[in-house]
Amino acid sequence: MTRTSFDYLIVGAGFFGSICANELKKRGKRVCVIDSRGHIGGNCYTEERNGIHLHMYGPHIFHTSNEFVWKWINELVSFNNFTLRPVANYKGDIFSLPFNMWTFSKLWNIRLPEEARAIIAAQSSSITHEPQNLEEQAIKLVGTDVYHTLIKGYTQKQWGKEPALLPASIIKRLPVRFTYDNNYFNDKYQGIPIGGYTQLFTKLLEGIEVRLNTDFFNAPLPAYDRVIYTGPIDRFYGYKYGELEYKTQNFKHELKEHVSNYQGVAMMNFTDAEVPYTRIIEHKHFDYKESPHTWISYEYPVAYKASVSEPFYPVNDAANNEIYTKYKSLAEKEEKVFFGGRLAEYKYYDMHQVIESALQFMRNHQL
Ligand code: UDP
């Protein structure tokens, strides 16, 4: 009789997989984590270059109002007091984000909240019904000027689709404020782990066998009893109900030698349709790092190809959600395979949400 080498094979070393691995190890289970990439941490992976921690897959600002999650993560890493206050660059003009009185004041040369409210009310008067898509939702929230200056071009680039074809929920992620408060998030806690994110995953996976550059679908695998799968769910089922759409992007990381401060802010969004990238990230501003050089990253949205591209964001429109529901019903019948995380649950999770979901998953399952 062949002996099972591992109780659990965990596919993906991002938050969901690493948390499950850590909890299962505490329960005395034999766990092997595999990841198709050459590093742990999923899209949260950070890499140190010239003393600066680069967010290799786009900016990750941790934010939560969940006391439990905040306590949990602070036992693993210490946070700095970084607050995201990005700026938008529209054809060279700079606007404050998220949409707040600084934005409205610059756009309309006004000073008071009631002036902003009146302009937005006039510009959004055509939307009297419940918004059916991102365009309608955006116009209802902030009016046509903000929509055309700061939302339309960015959204088209980011998602490769007209905003009228995207779900309204995407734009509801952003606060709209009639105060001069440009904090991008409303959460109680916010910051960046001092020393980057990768150490957090190193700690979670301490003492656990991790096999990198190992693709669940192509590589030789060890023997195992059960699987926790955190990759795209459609791939797991051989796309039998069709491909799910995920958004993806490419990053161009660039060292600017002898430039100590390139753009003066961690995140600059380019909101017109002509500039080919969506944002430039200047990583040292996440760290408050003083150094002679700087690293910046351009984010280029690219078309997603199943099995080839790195999936980043689920596109939760009605058609995709319907396909996902079919995969989910298959997943629910599995006895030895469990699914979790942004890609497997096809959910636009933020970091704190996936952490909460993984911890809850482990609490609820007698694995
Ligand atoms: N968005 C926009 N202009 C901006 C920033 C965001 O129109 O300058 C819209 C866009 O549709 C984007 C959505 O708001 O997909 C959510 O933005 P968020 O910053 O939450 O996306 P993330 O980068 O965190 O995935």
Side-chain angles (χ1 to χ4, degrees), residues 42-44 55-64 82-91 93-100 102-104 106-107 131 133-177 182-187 190 192 245-251 263 265-275 277-281 286 297-301 304 310-317 342-343 346-354:
N43 283 357
C44 302
H55 295 211
M56 299 302 285
Y57 299 96
H60 282 73
I61 299 93
F62 191 83
H63 57 97
T64 186
F82 180 83
T83 305
L84 184 63
R85 301 178 197 281
V87 297
N89 181 327
Y90 177 75
K91 302 189 177 185
D93 282 337
I94 296 297
F95 294 90
S96 173
L97 287 174
F99 316 119
N100 70 90
W102 289 109
T103 328
F104 307 140
K106 169 104 186 224
L107 201 53
N133 56 57
L134 196 156
E135 178 170 279
E136 290 182 0
Q137 182 67 66
I139 292 172
K140 180 161 187 190
L141 285 171
V142 285
T144 46
D145 285 347
V146 175
Y147 174 66
H148 287 288
T149 315
L150 302 177
I151 299 173
K152 191 170 194 272
Y154 185 92
T155 300
Q156 265 169 349
K157 285 193 288 187
Q158 157 106 357
W159 296 93
K161 282 189 187 199
E162 286 301 318
L165 299 174
L166 288 163
S169 58
I170 295 177
I171 200 71
K172 287 200 220 153
R173 287 168 59 85
L174 268 54
V176 178
R177 295 201 194 98
N182 59 354
N183 181 351
Y184 203 65
F185 301 111
N186 285 325
D187 280 320
Q190 184 174 170
I192 305 276
E245 204 177 347
Y246 295 87
K247 261 315 289 173
T248 188
Q249 45 212 18
N250 285 345
F251 298 91
Q263 64 180 14
V265 69
M267 177 165 138
M268 188 178 287
N269 291 2
F270 291 78
T271 56
D272 56 284
E274 288 74 38
V275 175
Y277 40 85
T278 47
R279 347 183 237 212
I280 297 180
I281 304 306
F286 289 130
S297 301
Y298 298 85
E299 258 180 58
Y300 291 90
Y304 175 73
E310 294 282 2
F312 280 71
Y313 302 88
V315 184
N316 288 111
D317 59 15
R342 203 190 242 213
L343 305 177
Y346 205 62
K347 252 195 198 151
Y348 198 164
Y349 275 135
D350 285 333
M351 288 182 283
H352 64 290
Q353 293 164 328
V354 82

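Atoms within each ligand, like the ligands themselves, are counted from 1 in listed order.
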Closer than 4.0 Å to some heavy atom of R279 - which atoms of ligand 1 meet that? 23 (O)

Got a second to check how far L166's CG is from I170's CD1, nearest 0.5 Å? 4.5 Å

Looking at E245 and K161, is there a salt bridge between them, counting it only when a charged N and a carboxylate O are closer than 4.0 Å? yes

Taking atom 15 (O) of ligand 1 as the reference point, the nearest protein heavy atom with its distance: W159 NE1, 2.8 Å

Could you list which atoms of ligand 1 come closer than 4.0 Å to a heavy atom of I151? 7 (O)

Nearest to atom 22 (P) of ligand 1, what protein heavy atom do you find, and at what distance? Y348 OH, 3.4 Å

Just jot down the ligand 1 atoms closer than 4.0 angstrom to any heavy atom of I170, in number order. 11 (O), 13 (C), 15 (O), 16 (C)

Per-atom contacts, ligand 1 versus T155 - under 4.0 Å to a heavy atom: 7 (O), 9 (C), 10 (C), 11 (O)

From CD1 (I151) to CG (N269), nearest 0.5 Å: 11.5 Å

Go through ligand 1 atom by atom and flag the ones less than 4.0 Å from a non-hydrogen atom of I171. 9 (C), 14 (O)

Checking K247 against F312: charged group under 6.0 Å from the ring centre and within 45 degrees of the axis? no

With sequence neighbours excluded, residues passing side-chain hydrogen bond (donor to acceptor under 3.5 Å, both in side chains) with S169: none

Could you tell me which atoms of ligand 1, counted from 1 in the order shown, lie closer than 4.0 angstrom to a heavy atom of T271? 8 (O)

Atom 1 (N) of ligand 1 sits nearest the protein heavy atom Y154 CD2, 3.6 Å

Is it the case that R173 places NZ or CZ above or below the six-membered ring of Y348, under 6.0 angstrom from the centre and within 45 degrees of the axis? yes

Residue, atom and distance of the protein heavy atom nearest atom 3 (N) of ligand 1 read L150 O, 2.9 Å

Distance filter under 4.0 Å to L174 heavy atoms, resulting ligand 1 atoms: 1 (N), 6 (C), 14 (O), 16 (C), 17 (O), 18 (P), 20 (O)

How far is atom 18 (P) of ligand 1 from the closest protein heavy atom, and which atom is that? Y184 OH, 3.6 Å

for atom 4 (C) of ligand 1, nearest protein heavy atom and its distance come out as N269 ND2, 3.4 Å

Which protein heavy atom lies closest to atom 20 (O) of ligand 1, and at what distance to 0.1 Å? R173 NE, 2.8 Å

Show the numbers, then the answer: is there a side-chain hydrogen bond (donor to acceptor under 3.5 Å, both in side chains) between R177 and N186? CA-CA 10 Å; R177 295 201 194 98; N186 285 325; 2.8 Å; yes

In this structure, OG1 of T83 is separated from CG of D187 (nearest 0.5 Å) by 11.5 Å

side-chain hydrogen bond (donor to acceptor under 3.5 Å, both in side chains) involving Q263 - partner list, sequence neighbours excluded: none

Could you walk me through whether L134 and Q137 satisfy the side chain to side chain contact (heavy atoms under 4.5 Å, CB included) test, starting with their C-alpha distance in whole Å, then the side-chain angles of each, then the deciding distance to 0.1 Å, before giving a yes or no? CA-CA 5 Å; L134 196 156; Q137 182 67 66; 5.6 Å; no

Going by the order shown, which atoms of ligand 1 are within less than 4.0 Å of some heavy atom of L97? 8 (O)

